[in-house]
**Student:** 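Before I ask anything, let me first share the structure, which is written out below as structure tokens.
Only heavy atoms go into these numbers, but all of them, side chains included; no hydrogens, no water, no symmetry mates.
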Amino acid sequence: MRGRVLIIAGSDSGGGAGIQADIKTVTALGGYAATAITALTAQNTLGVVGIREVEPDFVALQIQVVLDDIGADAIKIGMLANVGIVEAVAAIIQDRAIGIPVVLDPVMISKSGHALLAPDAALALRRLLLVSADVLTPNIPEAEVLTGMTIRDLADMRHAAHLLLSLGPKVVLVKGGHMPGETLTDLLVYDDGEETFETPRHHTPHTHGTGCTLATAIATGLAQGFSVRGAVIRARGYLERALLTAPGLGRGHGPLNHGHTMGKFPPFGSEPAQGDWEV
């Protein structure tokens with residue numbers, strides 16, 4: 001079966017983000033999800049109440065046994081929590097996952113504002129993991145932390161993306177959801193070009209797990225043989241429909257509808273183009 005995605009991330013007890021959102025996304029897009037859990041979080045739509053981090057050696061062991069048996073066509077990395085986990089993941093990726101596409105979502109802050117990555121771990125992630133990333137998917141605040149610059153507009157997004165490219169990723173997708181305005185612009189930058197993707201801003205509180213979902217959908221596309229561009233196009237379309245059909249659960253930042261009907265979209269095996277996956 002092509003489409004095996006190994007997800008390295010934290011667990012969200014509310015089911016809207018993290019490992020739970022990742023498994024739903026891979027399944028909805030026709031792939032197979034395996035996991036290595038880095039942390040347990042007690043959270044709901046109102047916020048994160050507690051975190052229990054997994055021992056770094058055990059995180060690495062989860063990755064090792066999956067790769068040794070089931071294998072992976074792509075790897076998605078999300079919440080890593082602390083320096084020890086960053087170091088353990090970087091070491092085993094470089095040792096056991098050569099040639100497997102890696103999508104790195106540098107998760108730092110929860111939707112409710114709770115820190116999910118220690119400050120020193122952000123430096124370790126920049127130093128050790130960016131070089132292994134085929135696709136890096138920071139939002140604006142994450143890109144600011146990783147580059148040390150302030151991002152105010154599309155020109156700043158472009159500058160930040162090129163700074164990040166210089167640190168090792170093959171492709172950088174800077175997500176523009178934190179920029180003001182009624183149009184949301186994401187910027188995809190690679191060594192010899194760039195492309196912008198625009199969608200209307202949807203005013204809804206049900207946005208929990210959008211970053212996890214997008215990165216995992218991209219990883220699923222890569223696992224199924226799509227180009228990076230094709231994987232990004234399908235992932236953005238999938239995310240927008242999941243956002244628009246959110247079930248309205250909880251009293252805070254509610255979850256998406258990861259299981260929405262995909263029947264109107266092109267077949268999973270075809271390379272999408274802009275417009276194919278618009279809602």
**Student:** With heavy-atom distances below 4.5 Å as the criterion, would you say the side chains of L46 and R251 are in contact?
**Tutor:** yes

**Student:** State plainly whether the residues R4 and D73 are in salt-bridge range, i.e. N to O under 4.0 Å.
**Tutor:** yes

**Student:** To the nearest 0.5 angstrom, please state how far the CE atom of M157 sits from the OG1 atom of T147.
**Tutor:** 12.0 Å

**Student:** Just so I know, are the side chains of L104 and T137 near enough to count as touching, which here means a heavy-atom distance under 4.5 Å?
**Tutor:**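 Contact flag for L104/T137 side chains = no.
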
**Student:** About how many Å separate CZ of R229 and OH of Y190, when rounded to the nearest 0.5 Å?
**Tutor:** 7.5 Å

**Student:** Using side-chain heavy atoms (C-beta onward) and a distance below 4.5 Å, is L167 in contact with R126?
**Tutor:**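 With C-beta onward as the side chain, the pair touches.
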
**Student:** Go through the steps to decide whether L173 and L214 satisfy the test side chain to side chain contact (heavy atoms under 4.5 Å, CB included), and finish with yes or no.
**Tutor:** CA-CA 11 Å; L173 178 68; L214 182 68; 4.1 Å; yes

**Student:** If only atom types and distance count, is the side chain of Q94 paired as donor or acceptor with the main-chain N or O of A91 below 3.5 Å?
**Tutor:** no

**Student:** Check this for me, if you would: do D105 and K175 make a salt bridge, where the nitrogen-to-carboxylate-oxygen distance has to be below 4.0 angstrom?
**Tutor:** yes

**Student:** Hey, are the side chains of N257 and R241 touching, using non-hydrogen atoms and a 4.5 Å cut-off?
**Tutor:** no

**Student:** Under the criterion side chain to side chain contact (heavy atoms under 4.5 Å, CB included), I'd like the reasoning laid out for V86 against N82: C-alpha separation, chi angles, the key distance, then a yes or no.
**Tutor:** CA-CA 6 Å; V86 170; N82 62 45; over 6 Å; no

**Student:** Answer yes or no: is there a side-chain heavy-atom contact under 4.5 Å between L6 and L67?
**Tutor:**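 The answer is yes, as the side chains (C-beta and beyond) meet within the 4.5 Å cut-off.
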
**Student:** I need the minimum non-hydrogen distance between A21 and G16, along with the two atoms involved.
**Tutor:**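 For A21 and G16, the tightest heavy-atom pair comes out as CB-O, 3.3 Å.
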
**Student:** Taking atom CD1 of I63 and atom CG of D68, what is their separation to the nearest 0.5 Å?
**Tutor:**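 One finds 11.5 Å between CD1 of I63 and CG of D68.
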
**Student:** With a 4.5 Å cut-off on side-chain heavy atoms, are L243 and T207 touching?
**Tutor:** yes

**Student:** Side chains of T150 and E144: is there a donor and an acceptor less than 3.5 Å apart?
**Tutor:**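 Short answer, no.
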
**Student:** Between D191 and K170, is there a side-chain N and carboxylate O pair less than 4.0 Å apart?
**Tutor:** no

**Student:** If hydrophobic clusters are built from ILVMFWY residues whose side chains come within less than 4.5 Å, do F58 and I85 share one?
**Tutor:**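 Result: yes, single cluster for both.
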
**Student:** What are the two closest heavy atoms between I233 and F197, and how far apart are they?
**Tutor:**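 It is CG1-CE2, 3.7 Å.
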
**Student:** For residues 10-34, which residue pairs qualify under salt bridge (charged side-chain N to carboxylate O under 4.0 Å, His left out), counting only residues two or more places apart or in two chains?
**Tutor:** D22-K76

**Student:** Indicate yes or no: at least one non-hydrogen side-chain atom of E87 is less than 4.5 angstrom from one of L125.
**Tutor:**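 No, their side chains stay 4.5 Å or more apart.
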
**Student:** Counting N and O atoms only, with roles assigned by atom type, does the side chain of T25 sit under 3.5 Å from a partner on the main chain of T216, one being a donor and the other an acceptor?
**Tutor:**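 The answer is no, because no donor-acceptor pair under 3.5 Å joins these two groups.
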
**Student:** How long is the span from the CG atom in D134 to the CD1 atom in I218, to the nearest 0.5 Å?
**Tutor:**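 Reported value, rounded in 0.5 Å steps: 12.0 Å.
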
**Student:** Are L165 and V131 connected into the same hydrophobic cluster when the rule is that any two of I, L, V, M, F, W, Y join if their side-chain heavy atoms are below 4.5 Å apart?
**Tutor:**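 Different clusters: V131 never reaches L165 through Ile, Leu, Val, Met, Phe, Trp or Tyr contacts under 4.5 Å.
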
**Student:** Is a side-chain donor or acceptor of H260 paired with a backbone partner of Y238 at a separation under 3.5 angstrom?
**Tutor:**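 It does hold such a pair.
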
**Student:** How about R201: does its CZ atom have over 12 heavy atoms from other parts shown lying under 6.0 Å from it?
**Tutor:**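 Count over threshold, so yes.
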
**Student:** Is the backbone of Q43 close enough, under 3.5 Å, to the side chain of S13 for a donor and an acceptor to pair up by distance?
**Tutor:** yes

**Student:** Without hydrogens or angle criteria, can the side chains of T45 and H208 be said to hold a donor-acceptor pair below 3.5 Å?
**Tutor:**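 H208 and T45 do not have a side-chain donor-acceptor pair below 3.5 Å.
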
**Student:** Would you find a donor on one side and an acceptor on the other, under 3.5 Å apart, between the side chain of Q62 and the backbone of I37?
**Tutor:** yes

**Student:** Does any N or O in the side chain of Q64 come within less than 3.5 Å of the main-chain N or O of R96, such that one atom is a donor and the other an acceptor?
**Tutor:**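 Not at all, since once roles are kept as given, no pair shorter than 3.5 Å links the two residues.
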
**Student:** Same cluster for M149 and L187 if Ile/Leu/Val/Met/Phe/Trp/Tyr side chains link at under 4.5 Å?
**Tutor:**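 Yes, M149 connects to L187 through the hydrophobic network.
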
**Student:** Could you walk me through whether E53 and T38 pass side chain to side chain donor-acceptor pair (under 3.5 Å), step by step?
**Tutor:** CA-CA 6 Å; E53 297 162 359; T38 60; over 6 Å; no

**Student:** Report yes or no: does D156 contribute a side-chain atom to a donor-acceptor pair with the main-chain N or O of R152 at less than 3.5 Å?
**Tutor:**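 Between the backbone of R152 and the side chain of D156 there is a qualifying donor-acceptor contact (under 3.5 Å).
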
**Student:** Around E55, counting heavy atoms of other residues, nucleotides and ligands shown, do more than 12 lie under 6.0 Å from its CD?
**Tutor:**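 Not more than 12 within 6.0 Å, no.
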
**Student:** Do T183 and T199 have side chains that approach each other closer than 4.5 Å (heavy atoms only, starting at C-beta)?
**Tutor:** no

**Student:** Output, in order, the C-alpha distance, side-chain angles, deciding distance and verdict of side chain to side chain donor-acceptor pair (under 3.5 Å) for H202 and E182.
**Tutor:** CA-CA 8 Å; H202 303 296; E182 292 304 306; over 6 Å; no

